[in-house]
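Letters A, B, ... mirror the listed sequences (proteins, then strands); counts begin at 1.
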Amino acid sequence: MQKIIVCLKRVVDYNVRIRVKPDGSGVVTEGLKMSINPFDEIALEEALRLREKGQAQEVVAITIGPEDAQQQLRTALAMGADRAILVQTSAELEPLAAARVLHQIVSREQPGLVLLGKQAIDDDCNQTGQMLAALWDRPQATFASKLELNGTVATVTREVDAGLEVIEVDLPAVVTSDLRLNEPRYVKLPDIMKAKRKIIEVLAIESLGVNITPVLRVTRYETPPVRSKGGMVKSVDELVSALRDRGLLV
Amino acid sequence: MSRILIIGEHDGRGLNQSTARCVACAAAIDPASIEIVILGSSTSGVASEAAALTGVTGVLTVTAAADSPALAAVLAPQIAALAGEYDYVLAPSTTFGKDLLPRVAALLGVPQLSDVMSVLGPRTFQRPIYAGNALVTIEVPAGIKVVATVRGASFKPVGNGAGAPIRPVEVSAPLPTHTRFIELRSGKTDRPDLQTARLVVSGGRGVGSAENFALLYKFAERISAAVGASRAAVDAGFVPNDMQVGQTGKIIAPELYMAFGISGAIQHLTGIKDAGTIVAVNKDGDAPIFEIADIGLVGDLFEIIPEIEKRLR
C-alpha cells in the first residue's frame, strides 16, 4: 500500500505520577515530562515494520495538540516516520472531535491503513479509533496484538476478554494497538539528527472546519480514595487464620 | 421520564454477567424504563436470562445471522438505528463494549463516557482517568443522549426478578461485509471465570515460568478460585492474555484477591482496587503491592502456597 497514517497523542510520560490540583479544577501537567502515548508508539512501530517489510511506501505521523507537540512528532520522525502533520490547537478535544479532525486528514491523505493506540494513558477513553472508523465508514480492528497484511485485506489478532479473536478486515481500515503488538525501537542519535531535516506540516485546527467545542462538562477532578495499607503477618498460620476470620477460607 | 437501552453482552449460549452490572448502573439513574437489546443469530435463551434481571422492563431481540459472532462494525449501525427513542445507551466496559460503543456514539454524533464507576445524578457520572490516579465528574448536558460504558467492578450485578416481556424487533440498517470473524482462540478452562469469581489467585513475574503456574492452578482448584496474572506474567508467556488483571486487562472486584509474586505496578493495582480483601505474598518486602494489601506476607510463594494448602480443611 502507498501510505499508513499513525495518529499520536502527546501525554504526560508513563513514568510520571500525576497529581490533582488542590482546587479540583484539573490535573497538574505543567513542567511534567511529556511523551508519545505508549500505545501510539506501538502503533508507529508497527507501521514502520510494515514499511520496512515493503508492505507500505510511506508512514505519516499525525497529532492534534499545541505547538509543543512538535517534540513528539520529532520523536516519531526520528523513529522513522517519513513526514508529520500537526493539527495545532491549545484546546483539549473530546475523542469524537479528535476523530472528526482525523477523519478530515484521512479523507485528504487517503491512506491504506490508519494505526493508533487503543487508548491514551491520560483520559483512558479508548474511543478515538472506533469513532474514526465509524465516521470514515471503514472496518475497525481494536486491541490488536498481531497484524498481517495480504493484498486488500488485513488479518488482525485481537486481545479480547475471552482470549484471542482473529478477524479479517478489508482495507483501508483502522487498527488500534494493544501492548503486545510489538516493542518499539529506541531512537538513535544519528536518527534524531536526520529527523531535523524532515518536514512537519502545521495546520491550524480552524482550517479544517470541525466543531471542537466540548459537549460534556467536566465539573470536578479528585484524588481517588486510597486503600489503606493493611497489616503484615509473620507466618502462614497468621495468614490463614486472618482469612478464616474474614470468612474467606475454610 | 428517561428511557435506558442496555446492549446485552453474550456468547450465544449465555448472558455475560457484565450485563447485570449495567442494569445496576441503570437503576441508579432512576429511569422510567430499562430495556436490554440482545443481538445474535439465535437470541431466545439469552433474552430469557436478560428478561429475568431485576429492574429490567423489557428485552428487545434482533435476530440476524450476521450478528454472531458479534462484530462492532456490524452491530453498531443496528444499535444506532434502535437508539433513537432512548435517552441513554449503556454497554459494559468489557472488550465487547469498548469496541462497540464508541462506534455507536460516532454514528449518533454524540460523545461517549468510558468506564462509568458511579452515578452521581441522572446526568452526572464519575469515571477514572490516568489509570485510576484521578477521578473526574462529568455532566452530560440536557438534550444530549447519554452513551456510556459501565465499569463492571463498580456495580454489583442485579439478581433475578419477576421477568419482563421479550419483544422481537426488526432493524433496517445496511450491514457491512468488510469485517469478518475468523476464529476465537480461547484459553477457556473449567476454573471459575476471572471476572465473576468470588476468589481469585493471581501470579506475577515471581512465579517464574508457565510450568510453575501449575502450583497456582492447583491451589485455586482447592479453594474454587479463578486464576489471574499480572502483565509481566502474560508478557513473559507464562499464561494467556485473557488472564491479565489490570488497567489494560481485566478490572475485577472479587471478595478475595491473592497476589503471589506480583510486585504491584500501578496499572495492576488499578485492576484490583475494588477487591474486598487483598492478600500479597512476595519475597521483596518493599514491593508496592504491600502498600495496598490488607494482609501481607513476605516470603517465597513456592513454600507458602503448599503451606496454606496444608492448613485447609
Inset, instruction - Below 4.5 Å from any heavy atom of chain B, which atoms of A:Glu94 appear? Answer side chain, backbone, both or neither. - result: side chain
Inset, instruction - With a 4.5 angstrom heavy-atom cut-off, could you sort out which part of A:Val153 is near chain B: side chain, backbone, both or neither? - result: side chain
Legend entry - Residue part contacting chain B, namely of A:Phe143, when any heavy atom lies under 4.5 Å: side chain
Legend entry - Closest non-hydrogen atom pair, B:Pro141 against A:Leu216: CD-CA, 4.3 Å
Inset, instruction - Take atom CD of A:Glu183 as the centre, draw a 6.0 Å sphere, and report whether it contains more than 12 heavy atoms from other residues, nucleotides or ligands. - result: no
Legend entry - Closest non-hydrogen atom pair, A:Lys118 against B:Thr248: NZ-O, 3.4 Å
Inset, instruction - Pick one of side chain, backbone, both or neither for A:Pro224, based on which atoms fall under 4.5 Å of a heavy atom in chain B. - result: both
Inset, instruction - Could you look at A:Ala162 and say if it's the side chain, the backbone, both or neither that has a heavy atom under 4.5 Å from chain B? - result: both
Legend entry - Closest non-hydrogen atom pair, B:Met258 against A:Leu243: CE-CD1, 3.8 Å
Legend entry - Close side-chain approach of A:Arg180 and B:Asp235, heavy atoms under 4.5 Å: yes
Legend entry - Engaged part of B:Leu113 at the chain A interface, taking heavy atoms whose separation is under 4.5 Å: both
Inset, instruction - Carefully, step by step, assess A:Leu96 and B:Val110 under the rule side chain to side chain contact (heavy atoms under 4.5 Å, CB included). - result: CA-CA 7 Å; A:Leu96 182 58; B:Val110 293; 5.5 Å; no
Inset, instruction - Rounded to the nearest 0.5 Å, what's the gap from CG on A:Leu248 to CD1 on B:Ile223? Could you check? - result: 9.5 Å
Inset, instruction - Go through the atoms of A:Val236 and report whether side chain, backbone, both or neither lie under 4.5 Å from a heavy atom of chain B. - result: both
Inset, instruction - Against chain B, label A:Arg220 side chain, backbone, both or neither, depending on which of its atoms sit under 4.5 Å from a heavy atom there. - result: both
Inset, instruction - For atom CD of A:Glu92, decide whether the heavy atoms of other residues, nucleotides or ligands shown that lie under 6.0 angstrom number more than 12. - result: no
Legend entry - Candidate pair B:Thr137 and A:Glu222, rule side chain to side chain contact (heavy atoms under 4.5 Å, CB included), full reasoning: CA-CA 8 Å; B:Thr137 301; A:Glu222 60 200 277; 3.9 Å; yes
Legend entry - Side chain, backbone, both or neither of B:Ile292 within contact of chain A (heavy atoms, under 4.5 Å): both
Inset, instruction - Can you see which heavy atom on A:Val20 is nearest to which on B:Ala134, and at what distance? - result: CG2-CB, 3.6 Å
Legend entry - Option in A:Val240, A:Val156, A:Thr219 with maximal non-hydrogen atom pairs under 4.5 Å from chain B: A:Thr219
Inset, instruction - Measure distances from B:Arg231 to the heavy atoms of chain A and classify the residue's part below 4.5 Å as side chain, backbone, both or neither. - result: both
Inset, instruction - Select all residues of residues 1-19 of chain A having any heavy atom within less than 4.5 Å of some heavy atom of chain B, and report them by number, or 'none'. - result: A:Val12, A:Tyr14, A:Arg17, A:Ile18
Inset, instruction - For side chain to side chain contact (heavy atoms under 4.5 Å, CB included), just list the numbers for A:Leu239 and B:Glu307, CA-CA rounded to whole Å, side-chain angles, deciding distance to a tenth of an Å, and then say yes or no. - result: CA-CA 11 Å; A:Leu239 172 62; B:Glu307 287 297 317; over 6 Å; no
Legend entry - Residue pair B:Gln112 / A:Pro95, side-chain heavy-atom distance below 4.5 Å: no
Inset, instruction - Could you tell me which residues satisfy salt bridge (Lys or Arg N to Asp or Glu O under 4.0 Å) with B:Arg103, sequence neighbours excluded, listed by chain and number? - result: none
Inset, instruction - Return the option, out of A:Ala154, A:Ser235, A:Ser145, with the maximum number of heavy-atom pairs under 4.5 Å with chain B. - result: A:Ser235
Legend entry - Test item: A:Val166 and B:Arg185 side chains (from C-beta on) under 4.5 Å apart, heavy atoms: yes
Legend entry - Closest approach of B:Arg127 to A:Asp124 (non-hydrogen atoms, all atoms of both residues): NH2-O, 3.4 Å
Inset, instruction - Pick one of side chain, backbone, both or neither for A:Thr157, based on which atoms fall under 4.5 Å of a heavy atom in chain B. - result: side chain
Inset, instruction - For A:Gln130 and B:Leu101, run side chain to side chain contact (heavy atoms under 4.5 Å, CB included): C-alpha distance rounded to whole Å, both residues' side-chain angles, the deciding distance at 0.1 Å, then the answer. - result: CA-CA 8 Å; A:Gln130 295 89 311; B:Leu101 208 63; over 6 Å; no
Legend entry - Atom group of B:Ile305 that falls short of 4.5 Å from chain A, counting heavy atoms: neither
Inset, instruction - With the side chain counted from C-beta on, respond yes when B:Asn16 and A:Asp161 share a heavy-atom pair under 4.5 Å apart, and no when they do not. - result: no
Inset, instruction - Identify which part of A:Ile167 has an atom lying under 4.5 Å from any heavy atom of chain B, answering side chain, backbone, both or neither. - result: both
Legend entry - Interchain contact, B:Leu269 with chain A, by part (heavy-atom threshold 4.5 Å): neither
Legend entry - Side chain A:Gln140, main chain B:Ala73, donor-acceptor under 3.5 Å: no
Inset, instruction - Counting only heavy atoms closer than 4.5 Å, note whether A:Ile121 contacts chain B via side chain, backbone, both or neither. - result: backbone
Inset, instruction - Using non-hydrogen atoms and a 4.5 Å limit, figure out which bit of A:Glu238 sits close to chain B: side chain, backbone, both or neither. - result: neither
Legend entry - Nearest atoms (heavy-atom pairs only) where A:Lys229 meets B:Phe290: CG-O, 3.5 Å
